[in-house]
Amino acid sequence: MSSVREKARLAGTGENEWFFDFGKAAFGRLVVELDAAESGVIGISLGECIKDGRVDPAPGGFRRYFHTQYEVKCGKNSFEVQFPPHQAPNPALKKCLPPEGIEIMPFRYAQINGENIISAGVERLSYFGNFNDEAAEFESSSAALNEVWEFCKYSIKATNVFDCYVDGDRERLPYEGDAYINQLGHFCCDADYAKAANTIERVLNVPTWPIEWRLLMPVIVRDYVLYSGDITHLNRWKALLDECLFMDKCGGNGLLPEKFDYVKNGENVRTIIDWPVGERDNCEFGSYMTVPNCYLYEALLAMNELYGDEMYLTKAAVIKAALHRYLKKDGIFVDSDSSAHSSIHSLVFPIAFDVADEADWNNLRPLIEAKGMPCSVYAAQYVLDACFICGLEQHAIKLISRRGERSWLGMIDQGSTISMEAWSNELKPNQDWNHAWGAAPANVIPRRLCGIRPVKDGFGEFIVEPKPGDLEFFRFRQPTLHGAVTVEYRKGEGTTVTLPDGKREKFSGSSKIFKLA
């Protein structure tokens, strides 16, 4: 963990006012240097948002704004602005820690006001976790796609400042759903796995309330092992992972019910589908639901990969058969056993988690394409995954690179430089503007568009399965334990893979397996 001194651009001046822009938001502290004509009081304002060309004093929700006053003396002054302790909505929950126990906040803009100031300048002590900016690199023939990649890569870097993957500045807590997307993005941007292990340890022992997010834990651990190669914790984690499966809660039809009694850390688990509630695409709840059972199926497959026990595959087969029997009507997966409606979630999770057979894709594709992105930035991960899996890669690329509502370029247009917790403040009024679960393209572009995914522990073997749509070319450098793997695609020329030892291999098929160890 280290701090970087970053200078701000003087973006505007007014009567007794200096306004500075650091270009991007970051967690940090502010250092002020100014020359005062006489002793007196000055005002200092920091924030993530602007209004009318100045720091917005009322950005709403949990967008950050901070104002303080300082006594300055006549002549040269140099000091570091002190922040009050961070206040989380639920102070009873143990927050993740900032670096070295110091108090930091996310901000992009600084403003100084004072009648007695002759000149002023600021620097930000920006704090980042261990992060190699050069480890991953993406470029393509789409300028919009390139811009989204850089935005999401920086989002992973800027939020990598605490001892675990946190949900954002508001709570500074790890949640399984956030960690899944954050971890994959981090693995695609840098070959550093310590924070992932810390996060897994934390959420296994201090779980959160959504049923589906508990079911993600075996998947998170499987991905951790595939990228890191670290199996030292698996025996110790197994009992906790088995507990995440809720195996004893399944009904006579083999499916996990929407509601059941299970209290952990004083809180009863419940089905989430998506968050906030308004992002559920009118999903209709019932006794048994498609989405949580898709999570369960994927969790069982992950447990078999981790521990090699055929019991998990046997149970997974029961779940898949029951999903097809009880939660598919006229060839389409529906929300619940009492519903004929299919939310976007009930269409994409069966594909993303391999519940849907290829024979089902023809029925699901037109519905997915017609819906677009009627879900949260969290569920966007699974929409994009499903599209690349089932042959809608051009639709997925369009969703990633478009402007306007429900888009990553839309986040940038709203003024954020780090991925947001929601598509807009209107959709989630209490959102923060530094939430890594909003950075799904940081892993979807490498894993799905470029098609680089480990298939053996520690990237010992990996697949390259590019799905470039109508792109003319792309190039991606993927960090691994063994060094960088570079994949380059050019339309009409095929795909070239460069291994860490410098060997290059060209192929023209749809996919190829490579070995590193």
J.: Could you check whether Arg406 pairs with Glu279 (Lys NZ or Arg NE/NH1/NH2 to Asp/Glu carboxylate O, under 4.0 Å)?
T.: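 So Arg406 pairs with Glu279 through a salt bridge.
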
J.: Just checking, is any N or O donor in the side chain of Trp437 or Tyr165 under 3.5 Å from an acceptor N or O on the other one?
T.: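 No, because no side-chain N or O of Trp437 sits under 3.5 Å from a partner of the opposite role on Tyr165.
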
J.: Donor-acceptor pair, distance only, cut-off 3.5 Å: does the side chain of Asp357 make one with the backbone of Ala359?
T.: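 Looks like no, no N/O pair under 3.5 Å.
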
J.: Using modelled atom types only, decide if a donor and an acceptor are shared between the side chain of Glu258 and the backbone of Met289 within a distance under 3.5 Å.
T.: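 Not a single qualifying donor-acceptor pair exists.
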
J.: Are Trp408 and Trp423 an aromatic pair, judged by ring center distance below 6.0 Å?
T.: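 Under 6.0 Å, so yes.
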
J.: Report yes if the distance between the aromatic ring centroids of Phe349 and Tyr295 is under 6.0 Å, otherwise no.
T.: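 When the ring centroids of Phe349 and Tyr295 are compared, they turn out to be within the sub-6.0 Å range.
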
J.: Do side-chain atoms of Arg170 reach the backbone of Asn430 as a donor and acceptor pair under 3.5 angstrom?
T.: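 Present.
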
J.: Is it true that His186 and Tyr193 have ring centroids separated by less than 6.0 Å?
T.: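 No: the rings miss the under 6.0 Å criterion.
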
J.: Quick check: Phe353 with Tyr382 (ring centres under 6.0 Å apart)?
T.: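 Between Tyr382 and Phe353, the centre distance is under 6.0 Å.
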
J.: Are Tyr307 and Tyr312 an aromatic pair, judged by ring center distance below 6.0 Å?
T.: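 No.
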
J.: Does the Gln478 side chain pair with the main chain of Phe187, one donor and one acceptor, at a distance under 3.5 Å?
T.: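 Flag set: sc Gln478 to bb Phe187 pair under 3.5 Å.
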
J.: Using atom types as modelled and distance alone, determine if a side-chain donor or acceptor of Thr159 lies under 3.5 Å from a backbone N or O of Ser155.
T.: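 Judged by distance alone, yes, a pair lies under 3.5 Å.
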
J.: Could you tell me whether Asp192 and Lys195 have a side-chain N and a carboxylate O separated by less than 4.0 Å?
T.: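 Result for this pair is no, no salt bridge flagged.
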
J.: Do you see a donor-acceptor pair shorter than 3.5 Å between the side chains of Asp470 and Gln394?
T.: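 There is such a pair between these side chains.
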
J.: Does the ring of Phe388 carry Lys467 above it, NZ/CZ under 6.0 angstrom from centre and within 45° of its axis?
T.: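 Verdict for Phe388: no cation-pi partner in Lys467.
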
J.: Do the side chains of Glu243 and Arg214 get close enough for a salt bridge, i.e. N-O under 4.0 angstrom?
T.: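 No salt bridge links Glu243 with Arg214.
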
J.: Test your reading of the model: is there a side-chain donor-acceptor pair from Asn205 to the backbone of Glu201, 3.5 Å cut-off?
T.: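 Present.
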
J.: How many angstroms lie between CD in Glu358 and CD1 in Ile389, if you round to the nearest 0.5 Å?
T.: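 Output value for this atom pair is 10.5 Å.
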
J.: Do Tyr288 and Tyr326 have ring centres separated by under 6.0 Å?
T.: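 Judged by ring-centre distance (under 6.0 Å), Tyr288 and Tyr326 do not meet the cut-off.
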
J.: For the residue pair Thr208 and Glu176, confirm or rule out a side-chain donor-acceptor distance under 3.5 Å.
T.: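 Distance-only check passes for Thr208 and Glu176.
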
J.: Would you check if the side chain of Lys249 reaches a backbone N or O of Asp261 as a donor-acceptor pair within less than 3.5 Å?
T.: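 Answer holds: yes.
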
J.: Any luck finding a side-chain donor-acceptor pair between Asp281 and His345 under 3.5 Å?
T.: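 Their side chains do not contain a donor-acceptor pair, so the 3.5 Å distance test is not met.
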
J.: What about the rings of Phe476 and Trp149, do their centers lie closer together than 6.0 Å?
T.: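 Between Phe476 and Trp149, the centre distance is under 6.0 Å.
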
J.: Do the side chains of Lys371 and Glu369 get close enough for a salt bridge, i.e. N-O under 4.0 angstrom?
T.: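 Result for this pair is no, no salt bridge flagged.
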
J.: Out of curiosity, Ile332 CD1 to Asn363 CG, how far, rounded to the nearest 0.5 Å?
T.: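 Spacing of CD1 (Ile332) from CG (Asn363) equals 4.5 Å.
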
J.: Distance-only, no hydrogens or angles: does the Arg448 side chain make a donor-acceptor pair with backbone N or O of Asp385 under 3.5 Å?
T.: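 It does not hold such a pair.
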
J.: Would you kindly say whether Trp213 and Asp178 are connected by a side-chain donor-acceptor distance under 3.5 Å?
T.: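 Looking only at side-chain atoms, Asp178 and Trp213 do not form any donor-acceptor pair under 3.5 Å.
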
J.: Between Glu150 (side chain) and Asn146 (backbone), is there a donor-acceptor pair under 3.5 Å?
T.: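 No, the answer is negative, given that no donor and acceptor are paired below the 3.5 Å cut-off.
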
J.: Does either side chain, that of Glu48 or that of Asn434, offer a donor lying less than 3.5 Å from an acceptor on the other one?
T.: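 Side-chain D/A pair, Glu48 to Asn434: present.
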
J.: For Glu472 and Tyr489, which I'm curious about, is there any donor-acceptor pair between the side chains at under 3.5 Å?
T.: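 Checked: Glu472/Tyr489 side chains show no N/O donor-acceptor pair below 3.5 Å.
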
J.: Is a side-chain donor-acceptor pair under 3.5 Å present for Ser511 with Glu465?
T.: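 Judged by distance alone, the side chains do not pair up.
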
J.: Taking atom types as modelled, is there a side-chain donor on Glu171 or Tyr175 under 3.5 Å from an acceptor on the other?
T.: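 Tyr175 and Glu171 do have a side-chain donor-acceptor pair below 3.5 Å.
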
J.: Pairing donors with acceptors under 3.5 angstrom, does anything connect the side chains of Gln381 and Asn443?
T.: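 Checked: Gln381/Asn443 side chains pair up, N/O donor to acceptor below 3.5 Å.
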
J.: Hey, is Asp335 close enough to Lys329 for a salt bridge, meaning N to O under 4.0 Å?
T.: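 Not counted as a salt bridge, because no side-chain N and carboxylate O are separated by less than 4.0 Å.
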
J.: Checking the side chain of Glu284 only, and the main-chain atoms of Ser336 only, is there a donor and an acceptor separated by less than 3.5 Å?
T.: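 No, the answer is negative, given that no donor and acceptor are paired below the 3.5 Å cut-off.
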
